[in-house]
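One-based numbering, in listed order, for ligands and for the atoms of each. These figures come from a predicted structure and were not determined experimentally. Heads up: numbering here begins at 1 and tracks the sequence.
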Amino acid sequence: MNKGGFSQLWLDYKKRTDNGGSVYVSKVFLSGFLQDHRIVKHALEELKSGVQTMLGVEIKVEQDMSQATLVLKRGSEKEGGVRREGYRLWETGGVLTLAAADERGLLYGVFALLRLIAMERPFQGLDLLSNPESPLRMYDHWDNMDGSIERGYSGRSFFFQDDKVLVNERTRDYARFVSSIGINGVVINNVNVKQAATWLITDRYFQEVRQLSGIFADYGIRLFLSLNFAAPLELGGPQSADPLDPKVRDWWREKMEEVFSKVPDLGGFLVKADSEGRPGPFTYGRTQADGANMLADIVKPYGGLIIWRCFVYNCTQDWRDRQTDRARAGYDSFIGQDGDYHENVILQIKNGPMDFQIREPVSPLLGGLQKTNQMLEVQVAQEYTGQQIDVCYLVPLFKEVLDFHTYCREKCDTVSDIVSGRTFGNVNTGMAAVCNTGDDANWTGNDLAAANFYGFGRLAFCHSLTADEIAEEWVRLSISNEEEVVEKIKKILLGSRGTYEKYTCPLGIGWMVTPETHYGCSVDGYEYSRWGTYHRADHKGLGVDRSRLGTGYAGQYREPNASLYDNMETCPEELLLFFHHVPYTYRLKSGKTLIQHIYDTHFEGVREVEEMIGLWESLKGKVPDPVYDGVRERFDRQLHNAKEWRDQVNAYFYRKSGIEDEQGRKIY
Ligand code: GCV
């Protein structure tokens, strides 16, 4: 805990064991960078304060390179292999060198160096080259201007309060945290842009937005805003938002001229259009491309980007209708305009076709599109994955998505390849995550949820880091370097996604949650609703037939994925119920019937939560008390939640199927 009573998370520069690091970092020489460049200045400040508090060393900036033990210099692809925003850190002959391609790279390199000190790693023989894989690495905040956060589980917003923009002691620390993990873009307001938020692009808020973007720019972060597509109507412009109407275009042109003159560091805009009641081009019979391109052309002279979300589907469906399939909607709405989007438009695609469930197939739009900039959207905020009450470390899920072969090319066809620009050779591409922070003292509600906040950034920067490596870094930096603590917390984190999946909805079917809040079990909560989120359970089986005999969704994939998913025998079992309606008596590869698998996994899930609690309790006194107590208290709630899920799911399917548990355990 630090200034203002809030945590410094993984930048908690407390005293560390000196493994010879102090010798290197005491005499610094800067070459090829201007010391008073805003990012360089902040990188040096960070280096000084980190080294001072962790090693007790006062850094001296040398004027003569031969005196230096740490050389910070400009590198290039040829010299050191560093590319845009990348860095290389190496030791030779008692001198540590940090070469960076640009100022951002220098800042990231400084944070990497501080990480090594914090993890008490030696510098001798070090050679670390790190070029960011995703060009854009963004956090999206769903913060509302009244201070509430849509799907927020860590308190109120630290960006907004009572329709005002906040610039306070948290702002800079937030910027430091996210830049230290390589984030270079942040959207501060909710994609559902309503009321006061529509006015963020007016005089009412320019001053504070500019201040915020200035602080972000100190750390190499571009600020983005979510935009209301119907702003012309709401801000006294033409009474239309038709993207092809010249009056509407003129209004936006003038508006953007004003916005970028007042907030010159602005990166651009995120738009949720024609989705869940938000306005969009469909209202005027125009395509999504018409809407996105209109805005993109207007912001182009300012270097602005339009990030356009693909979360478009019919949310007023009739549950009786078995042909309309929400999973199909994103692909059906966007694939027809592949190639129509202008170069500064990026389509932001949720990892799965539904909505951030604990298990979904990868969206077929990723790699389905071939001529369009694509950005992957994941959710670090744990809306459907335990709401920062239940522990659920999401890096393994994100990695599965990145590793997925789309077969859009013979080589270089994974989602990682696509969002790093390797597949299509583009730079307007990357990864975005819905952030999980709020104004709680520890920023993320559950202290262990900060591993997701940390992990997304590290993974977006370096796709090849393993979930294990990221967890290890996070524990060492944020909690303790003590081996026992590191190993036990890693064990909790690495098993947590599997555990959560076991006690909630089986084999990719998703949902079964309490409507609206999305926490806790309600098997039929969404079964007869308008949201297109059904499990279709009857007395014989459950699951949605998305094969060619059903909704045909499986056919949206490229081969061999399409056939793999289409066939019940070859469909990956963890997704079986997403793609097929399966009899309870169907035998899985394990030899168990589907119903027995449901019973077993639900009993196992609860047992695993109990094991996690046991592990955590063995750490009492070894992790800071507030962290111990906060997590312990949440574990009680997680256990209660897991038992409710187990008993409701098991009772539901026992009553539907009438099939007994082979082990005769208590089912209600
Ligand atoms: C911001 C889901 C969430 C909504 C969210 C929406 C989206 O439906 O429940 O809260 O709205 O996704 O991603 O736009």
Suppose we measure from [atom] to each protein heavy atom; which comes out shortest, and what is that distance?
atom: atom 14 (O) of ligand 1; answer: Lys272 NZ, 2.6 Å
atom: atom 1 (C) of ligand 1; answer: Asn192 ND2, 3.2 Å
atom: atom 4 (C) of ligand 1; answer: Glu150 OE2, 3.3 Å
atom: atom 2 (C) of ligand 1; answer: Asp355 OD2, 2.9 Å
atom: atom 9 (O) of ligand 1; answer: Glu383 OE2, 2.6 Å

Near-ring test [Y]/[X], centroid separation under 6.0 angstrom:
X: Tyr384; Y: Phe356; value: no
X: Phe635; Y: His640; value: no
X: Trp319; Y: Tyr534; value: no
X: Tyr526; Y: His518; value: yes

Ion pair present between Asp242 and Arg286, side-chain N to carboxylate O less than 4.0 angstrom? yes

Do NZ/NE/NH1/NH2 and the carboxylate oxygens of Asp265 and Arg222 come within less than 4.0 Å? no

Considering residues at least two apart in sequence or located in another chain, which fulfil the side chain to side chain contact (heavy atoms under 4.5 Å, CB included) criterion with Gln648? Cys521, Glu644

Looking only at heavy atoms, is any part of Phe311 under 4.0 Å from ligand 1, and if so is it the side chain, the backbone, or both, or is it neither? side chain

Which of the numbered atoms in ligand 1 are below 4.0 angstrom from a heavy atom of His518? 9 (O)

Going by the order shown, which atoms of ligand 1 are within less than 4.0 Å of some heavy atom of Asn190? 1 (C)

If you take the nearest heavy atom of each of Glu276, Gln379, Arg151, which one is closest to atom 8 (O) of ligand 1? Glu276

Ligand 1 N/O within reach of Lys350 N/O, cut-off under 3.5 Å: yes

Tell me whether the rings of Phe260 and Tyr302 are parallel (<30°), tilted (30 to 60°) or perpendicular (>60°). parallel

Under 4.0 Å, counting heavy atoms only: does Arg309 come that close to any atom of ligand 1? yes

